[in-house]
Amino acid sequence: MAKTLKYAAGLAACLPGSAAFAAWDLNMPVGVTELSRQIYGLHMLILWVCVIIAVLVFGAIIYSIVKFRHSKGAVAATFDHSTKVEVVWTVIPIAILVGMAIPAAETLINIEDTRDSDLTVKVTGYQWKWHYEYLDHDISFFSTMDRDSDRARQLRAGVDVRGIDNYLLEVDNPMVVPVGAKVRVLLTANDVIHSWWVPEFGMKKDAIPGFINEMWFRADEPGTYRGQCAELCGRDHAYMPVVVKVLPREEYEAWLREQQGEGAAQAAASDVTSDAAAQIVAKAE
Amino acid sequence: MSTVQAHGVAGHHADAHDHHGPEKGWRRWVFATNHKDIGTMYLLFSLAMFFIGGLMALIVRAELFQPGLQLVDPYFFNTMTTMHALVMIFGAVMPAFVGLANWMIPLQIGAPDMALPRMNNFSFWILPFAFTLLLSTLFFESGGPAGGWTMYPPLALQMGETFPMTIFAIHLMGASSIMGAINVIVTVMNMRAPGMSLLKMPVFVWGWLITAYLLIAVMPVLAGAVTMLLTDYYFGTSFFQAAGGGDPVMYQHIFWFFGHPEVYIMILPAFGVVSEIIPTFSRKRLFGYDTMVYAIAAIAFLSFIVWAHHMFTVGMPLAGQMFFMLSTMLIAVPTGVKIFNWTATMFKGSLTFEPPMLFAIAFLFMFTIGGFSGLMLAIVPADFQYHDSYFVVAHFHYVLVPGAVFAIMAAVYYWLPKWTGHMYNMKLAKLHFWLSTIFVNLLFFPQHFLGLAGMPRRIPDYSTQFADWNLVSSIGAFGFGFAQLLFAYIVWQSIRGGAKATDKVWDGGAPQGLEWTLSSPPPYHSFEVAPEVK
């Protein structure tokens, strides 16, 4: 059945033609982390449970609509309750719910387990940009929407936004993490509540002033993953993208060195930290 | 009280004018104490707000028609989403149900009027002032509220000079709702016709009775929350400001302790309406009446212990997330029972498809779809994806538009001939039904896809990958919006004239209840002699 849906989705995606971006997307991305795959699995499980119930219930309603028409001479029966049936359709849903709650609880426990992380990045939400701080390496920077998007997004800018790569989803300085490392994200905010969301990682979490929230992800494939602020944070809420670059280990280390070279950190200190980075990555493997 | 006595009493105080007829001119409406007049005013007010709120939604959908920012500034966009919600919830849906309660509860329980007619007048007349205050914020330089209808601090504390007007408007709406609720409870508890025990009441009355308790329980909580916002803003308190030792998440807990029961305040009377209509046009008694009542009560109880499912992403302890996931999932059980029982009512019935029945059946389908997405949202890990995305927008619009609003329309089409004494244009009403149903799905179904693909809610502009479904959704919005003009026309036509409605109105169907024993329209003062219920 999952296959059928895939084909149906594929078919629907082909219909309008414009294949440049998956514009007629119907479903949640499977994502590139263990958690996102578990979440996707849960999502599909509940979806199919709902579809099956829908087929049964809507089937019964449609059957009644077709079969018991006054105009076709249907005569109404006189029954108006049945304790037996009502007990049945109270108990069965409870059983289904328990069946759904168990895998959901397992995944939730996994999500909440932020132990043994390889790298911790503190993410602070500002109106309207993100600040990333690598707690283990003296690196920190702001991440703001890129200039092309910013020009095009102005009211009546007269720019064809379709001509812009990753319109509204591109930043000047993306967050960079090594592939395969368990990244712990600490979230807070400096003004109002924001929410850090990358759909491919399966997770979002609020960044709240005065609180430090935790979440984690472990991206399995190198690539660039994009998301947005998900909590209304004022006028430019739509314009604070989240971009995470997942790099192979060597490239990540090179990036680290480059960052530290740019920063005030001394060469000696930088050696120590990149050693630490190598250890982190080694542990992740 | 007999008619003769009523004459005698009235003779002492008010001899000048006709005791039995309405007052003439504006006095009839401004000084209204008659439940039918007040009900009419509530319903017309709600219709006006439905169009104003709808216009705001169309501005939102027009901006979202294609990527890029074409029409409005992002701040004004946020104002529109915020005001659309406030106007639709407090101005359109809730007053519509209070209007239905005013008209129908006395007629259905055989009472001559609502128990507290002057308070009834007061609770209605607060509303035009509250909404004038709220809507006037749009004309101030600093603009209307733009922090979302949930008004989460600290963002809400960045509002401009119209902030206190918004807060005070919400206080007024709350006061109005509480008075309406008290009136319903006192009426139902004290003025039922002899013989009408609680478990003989029509389900609409049951739905409203329970709703009224919810209102009394939670409206003061909302008032408290927004008052604390107000003192944070003006008097230097720090209830919700982290910098002063306050807690922004606490606001969300308090707000949703109000907010979740509020959701059911908007749907329990709808359950009642549908439970009246389906049996009538199935020519069969409601399946499992007792269970239906208990299910409403169970849903109302559960509504108090699920609030934090609106805020799974704020970072609650694992145990908290588990609890709110399980309690939320439990709601599916009584709700499922209701859906199954309505289906069983239709099963082996003898069905006809007059406009009220069409809307009731559409409610059954589409409310269930909203229920399914609600169940999906309850699963915490999946909610981490769904939360604050368009999936949520699709979900709550499915339960509120083809849910609550369709139920209100079903109710209007069901009782309108009783109120006006005229049948309405059935053909037009069916056209209105089909247009509404097709466009409402075009409008909201694609929003599920948008949310799953990663589009956050409350954004005026989006990445190009979301362009296609947004275009479809906007087309649906305009279609749905314009179809409602037809609704207003049909109602207006029926007020003006048309074929005489019989007492029973639905002669072919099997309408139950005391309202059908009265003439159409019912006399200005009905049931002055209480009917006997066996």
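None of these values were measured; they are calculated from a predicted model. Here is the naming used below: chain letters follow the sequence lines, and residue numbers restart at 1 for every chain.
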Apply side chain to side chain contact (heavy atoms under 4.5 Å, CB included) to residues B:L155 and A:I193 and explain how you reach the verdict.
CA-CA 7 Å; B:L155 182 64; A:I193 303 175; over 6 Å; no

Derivation of the side chain to side chain contact (heavy atoms under 4.5 Å, CB included) call for A:D80 and B:L286
CA-CA 6 Å; A:D80 65 2; B:L286 181 69; over 6 Å; no

Candidate pair B:F384 and A:W197, rule side chain to side chain contact (heavy atoms under 4.5 Å, CB included), full reasoning:
CA-CA 9 Å; B:F384 288 147; A:W197 183 24; over 6 Å; no

Verdict with supporting geometry, A:H81 and B:R285, side chain to side chain contact (heavy atoms under 4.5 Å, CB included)
CA-CA 9 Å; A:H81 71 284; B:R285 288 165 60 90; over 6 Å; no

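By the side chain to side chain contact (heavy atoms under 4.5 Å, CB included) test, A:R226 is found to be paired with A:N166, A:L169, A:E170, A:T224, A:V243, residues two or more places apart in sequence or in another chain being considered. Residues passing the side chain to side chain donor-acceptor pair (under 3.5 Å) test with B:D461 are A:Y167, sequence neighbours excluded.
Using a 4.5 Å cut-off between heavy atoms, B:A344 contacts chain A through both its backbone and its side chain. Looking at B:M455, the atoms closer than 4.5 Å to chain A (heavy atoms on both sides) all sit in the backbone: N, CA, C or O. Heavy-atom distances place both the backbone and the side chain of B:F287 under 4.5 Å from chain A. Of the two parts of B:L450, neither the backbone nor the side chain holds a non-hydrogen atom closer than 4.5 Å to a non-hydrogen atom of chain A. Only the backbone of B:V72 comes within contact range of chain A, with at least one heavy atom under 4.5 Å from a heavy atom of that chain. B:D290 does not touch chain A: none of its heavy atoms, backbone or side chain, sits under 4.5 Å away.
A donor-acceptor pair under 3.5 Å is formed between the side chain of B:W469 and the backbone N or O of A:D25. Under a 3.5 Å cut-off, the side chain of A:E231 and the backbone N or O of B:D388 do not form any donor-acceptor pair.
Residues B:P67 and A:R162 share a closest heavy-atom pair of CD-NH2, 3.7 Å. Between A:A74 and B:S350, the shortest heavy-atom contact is O-OG, 2.7 Å. The shortest non-hydrogen separation linking B:Q385 to A:P199 is NE2-O, 2.7 Å. Looking at every heavy atom in both residues, A:K205 comes nearest to B:T313 through CG-O, 3.6 Å.
Heavy-atom pairs under 4.5 Å with chain A were tallied for B:A146, B:G315, B:G349; the largest tally goes to B:G349. With chain A as partner, the option from B:V380, B:I459, B:L351, B:I369 having the largest number of non-hydrogen pairs under 4.5 angstrom is B:L351. Of the listed residues B:V333, B:T150, B:T352, the one with more heavy-atom pairs under 4.5 angstrom with chain A than any other is B:V333. Here B:F340 is the residue among B:Y289, B:F312, B:F340, B:F77 with the most heavy-atom pairs under 4.5 Å with chain A. The candidate with the highest count of non-hydrogen atom pairs below 4.5 Å against chain A, out of B:F372, B:F353, B:Y75, B:F466, is B:F372. For the set B:D247, B:L330, B:T81, the entry with the most heavy-atom pairs within less than 4.5 Å of chain A is B:D247.
For B:K284 and A:F68, the positive end is not near the middle of the six-membered ring at less than 6.0 Å and at most 45° from its axis.
You'll find the ring centres of B:Y386 and A:H43 inside the 6.0 Å limit.
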